[in-house]
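See below for the structure under consideration.
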Amino acid sequence: MTDELRQNPEPLLLILSSPSGAGKTTLTQRLLRDFSNRLTFSVSLTTRQPRPNEVDGQDYHFVDEAAFRAKVEAGELAEWAEVHGNLYGTSVSEIERARAQGAQALLFDVDYQGARQIKAKLPQAVGVFILPPSMAELRRRLSGRGTESPESLERRFAAAKREIEHYPFFDYLVLNQELQHALAELTGIIHAELCRRPRLARRAEALLHE
Ligand code: ADP
Ligand code: 5GP
């Protein structure tokens, strides 16, 4: 096989979105563990305060608003949005890093505004929206996580239906009722997307030239 045929194709760009508390972070962490070095997480910038268990540079790059706005001005962000009163954004360099590393897939944990901006720039990206089993369970999960002030909890919960309204924009919907089941569905989506014909066409062509 020639070097060209051995080259990694472009990484699968996988966007995960959901209302706050539906389980996106939990599912992302499990996927990163299961796919280990084949799946890369796009570490976003945010102006929100870190939660006690969060690691700077790993969960997010925590920055102040001036630093965030400077990156916007410099054109360093592929997308950005205000979500629940804080600024969040994806650096262009995260996408370049995944390409340079030859990652099979790059996972974006962004809200629907970010998902729309990524798709507008990179139409090949695949969007998955995570649904909670019910609004009551969403509220239970948000408050059970124990990370939000009462005001932040109300703000996030009040935004949930407005976020769910954007579900028609996404390619896949995953119901996160039972965690293992949702994880299996997400894993299935990733495997199926990695088997799309353009990703393997060069393999097929190589066989024809043997
Ligand atoms: P998000 O990142 O979407 O805001 P999290 O991943 O932080 O949501 O999940 C919110 C809370 O719900 C966490 O405490 C998490 O442990 C819990 N959780 C996630 N998925 C499930 C599930 N399938 N069943 C029960 N609890 C869940
Ligand atoms: P949290 O504060 O709970 O970590 O995230 C709040 C919301 O911000 C979630 O919907 C999450 O997906 C979204 N978010 C995280 N990073 C980004 C980002 O880089 N861009 C956009 N647009 N949204 C993000």
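In each ligand, atom 1 is the first atom listed, and ligand 1 is the first ligand listed.
Residue nearest to atom 18 (C) of ligand 2, selected from Arg116, Gln49, Arg145, Glu79: Glu79 (by heavy-atom distance). When Val43, Asn86, Asp111 are checked for heavy-atom proximity to atom 13 (C) of ligand 2, Asp111 turns out nearest.
Residue contact annotation: Lys24 has a non-hydrogen atom under 4.0 Å from ligand 2. At least one heavy atom of Gln177 sits under 4.0 Å from some atom of ligand 1. Using 4.0 Å as the threshold, Gly89 has a heavy atom nearer than that to some atom of ligand 2. At a 4.0 Å cut-off, not a single heavy atom of Gln113 sits close enough to ligand 2 to count as contact. For the ligand labelled ligand 2, residue Tyr60 lies inside the 4.0 Å heavy-atom shell.
Checked against a 3.5 angstrom limit, the closest N/O atoms of Ser20 and ligand 2 fall outside it. For Arg51, a nitrogen or oxygen atom sits less than 3.5 Å from a nitrogen or oxygen atom of ligand 2, counting backbone and side chain alike. The shortest N/O to N/O separation between His84 and ligand 2 does not fall below 3.5 Å.
A donor-acceptor contact under 3.5 angstrom links the side chains of Thr90 and Glu79, judged on distance only. Arg145 and Thr147 form a side-chain donor-acceptor contact under 3.5 Å, judged by distance and modelled atom types alone.
Of the protein's non-hydrogen atoms, the one nearest atom 2 (O) of ligand 1 is Thr25 OG1, 2.5 Å. Atom 3 (O) of ligand 1 has as its closest protein heavy atom Lys24 N, 2.8 Å.
Shown in contact with Gly114 at under 4.0 Å from a heavy atom are these atoms of ligand 2, numbered in order with element: 22 (N). In the vicinity of Arg156, heavy-atom distances shorter than 4.0 Å reach the ligand 2 atoms 1 (P), 2 (O), 3 (O), 6 (C). Listed by number with element, the atoms of ligand 2 under 4.0 angstrom from any heavy atom of Arg48 are 1 (P), 2 (O), 4 (O). Set against the non-hydrogen atoms of Ala81, the atoms of ligand 2 under 4.0 Å away are 22 (N). Within ligand 2, the atoms closer than 4.0 Å to a non-hydrogen atom of Asp109 are 11 (C), 12 (O), 14 (N), 15 (C), 16 (N), 17 (C), 24 (C), numbered from 1 in the order shown.
Ion pairing between a basic and an acidic side chain is recognised when a charged N comes within 4.0 Å of a carboxylate O; Arg69 and Glu65 show such pairing.
Within the model, atoms CD1 of Ile95 and CD1 of Ile118 stand 6.5 Å from one another, a figure rounded to the nearest 0.5 Å.
For Thr90, heavy-atom contacts with ligand 2 shorter than 4.0 Å involve the backbone as well as the side chain. Counting heavy atoms closer than 4.0 Å to ligand 2, residue Gln117 contributes nothing at all. No part of Glu54 comes within 4.0 Å of ligand 2, judged by heavy-atom distances.
Sorted by first and then second residue, the side-chain hydrogen bond (donor to acceptor under 3.5 Å, both in side chains) pairs with a member in residues 170-191 read Lys119-Asp171, Tyr172-Glu193, His181-Glu185; sequence neighbours excluded.
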